[in-house]
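Every chain is numbered from 1 and lettered A, B, ... according to where its sequence line falls, protein lines coming before strand lines.
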Amino acid sequence: MAKRPYAAVSVRDRLAIEHAWDLAPEKARALQSCLAQRVICADPIGPVEHIAGVDIGFEAGGDITRAAVVVLKWSPEGPPFQVVEQVVHREPTRMAYVPGLLSFREVPAALGAFAKLQTPPQLVMVDGQGIAHPRRLGVASHLGLWLDLPTIGVAKSRLCGTHGNVGEQRGDWTPLEHQGERIGAVLRSRVNVKPIYISPGHRLSFETALDWVMRCLHRTKLPEPTRLADRLASRRGPIV
DNA sequence: GCGACAG
DNA sequence: ATCTTGTCGC
């Protein structure tokens, strides 16, 4: 049988999906609740050879959405990792930012970038929340569902939920909860720096999500995958 | 009704 | 997210 080029979502699925992007806020929220039921928050995730980092930036005063994906080769020795591929995909911005509906603004462009990727990753880290979302469908979860890959949400600030104080040592963390449910962890990724919010996006557990983020931490606040994707999305690097 | 609110 | 200069620190 013919080998399908690497594109996590088939063309036909893309069409069906794209129809579901431009929705009125109420419809979008209803769809999130529906999709959240399909999110799997458990292991195993299988052997990891390549890890992708995803982030979105904007150009032309916000009219153009710029999706960046960086693929790193995982090494047991830890970071810094080798960059094996980087892709940037641009397309017209779909809609304005609405708290809680970020995925409808960013996932379409992210899928466009993944469609151009040659190296299939086994794990994806996304800049934003996973299930640490009012309806349990942050951008990392939404993207994970369509890519059908394990994803982790790595956010720089809180969207919802409450938590106690986080220890001061690198690696200290405390649970993030919302409406009586555990939705993620608040992690001190670096001393003297605001903690980051980690949550499973899809197809892995809380523990595994936290493990991989800690394994990818180098000397900065953000784990390597999202740190590099961040730079690429705002065109400050890698590109070399 | 009054805040809070990923990127 | 983006618009923006210098500045404090490793």
Side-chain angles (χ1 to χ4, degrees), chain A residues 21 25-26 28-29 31-33 35-36 39 53-70 80 88-113 124-145 151-163 166 168 170 176-179 181 183-187 189-202 209 213 217-223 225-237:
Chain A
W21 295 120
E26 272 320 310
R29 294 187 185 97
L31 177 56
Q32 289 182 319
S33 299
L35 293 176
V39 170
V54 189
D55 190 32
I56 274 65
F58 297 88
E59 301 176 2
D63 292 341
I64 299 297
T65 298
R66 178 187 167 100
V69 176
V70 175
V88 170
H89 169 78
R90 296 179 180 76
E91 61 177 57
T93 297
R94 304 221 171 204
M95 52 178 267
Y97 166 70
V98 177
L101 299 182
L102 184 66
S103 62
F104 288 85
R105 174 173 161 87
E106 303 192 341
V107 171
L111 290 176
V124 181
M125 290 193 191
V126 186
D127 191 301
Q129 314 288 352
I131 64 169
H133 174 281
R135 291 166 295 282
R136 308 293 181 267
L137 196 84
V139 347
S141 299
H142 205 159
L143 180 61
L145 279 178
T151 56
I152 300 174
V154 180
K156 297 182 289 298
S157 61
R158 184 192 66 91
L159 172 59
C160 70
T162 59
H163 63 84
V166 190
E168 298 299 327
R170 173 189 173 92
L176 177 62
E177 298 172 351
H178 180 58
Q179 299 179 333
E181 287 179 63
I183 59 174
V186 188
L187 172 70
S189 56
R190 237 202 113 163
V191 178
N192 291 323
V193 168
K194 281 203 322 180
I196 56 180
Y197 296 73
I198 309 303
S199 58
H202 185 43
V213 167
L217 282 175
H218 190 30
R219 316 173 88 163
T220 50
K221 165 179 175 172
L222 296 175
T226 47
R227 182 181 73 83
L228 295 174
D230 227 295
R231 294 179 43 167
L232 186 57
S234 59
R235 52 186 170 307
R236 277 174 292 128

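Remark: A:Lys156 is in phosphate contact with B:dG7, judged by side-chain N or O atoms under 4.0 Å from OP1 or OP2. Residue A:Tyr197 has no polar side-chain atom (N or O) positioned under 4.0 Å from OP1 or OP2 of B:dA6. Remark: A:Ser157 is not in phosphate contact with B:dC5, judged by side-chain N or O atoms under 4.0 Å from OP1 or OP2.
With centres under 5.5 Å and a plane angle under 30° as the test, the ring of A:Tyr97 is not stacked against the base of C:dA1.
The two residues A:Ile196 and A:Pro223 come nearest to each other via the heavy atoms CD1-CD, 4.2 Å.
To the nearest angstrom, P of C:dA1 lies 10 Å from CG of A:Leu102. Between A:Asp63 atom CG and C:dT2 atom C1' the separation is 12 Å, expressed in whole Å.
Side chain of A:His133 to main chain of A:Arg135: a donor-acceptor pair is present (N/O by atom type, distance under 3.5 Å, no hydrogens or angles). For the pair A:Gln129 (side chain) and A:Ser157 (backbone), a donor-acceptor distance under 3.5 Å is present.
For A:Glu106, the side-chain atoms get nearest to B:dG7 when compared with the rest of B:dA6, B:dG7, B:dC5. For A:Ala155, whose side chain is taken as the heavy atoms from C-beta onward, the closest listed nucleotide among B:dG7, C:dT2, B:dA4 is B:dG7. Distance from the side chain of A:Val139 is smallest to B:dA6 among C:dA1, B:dA6, B:dG7.
Ring orientation note: the planes of A:Tyr197 and A:His163 are nearly perpendicular, at an angle over 60° on the 30°/60° scale.
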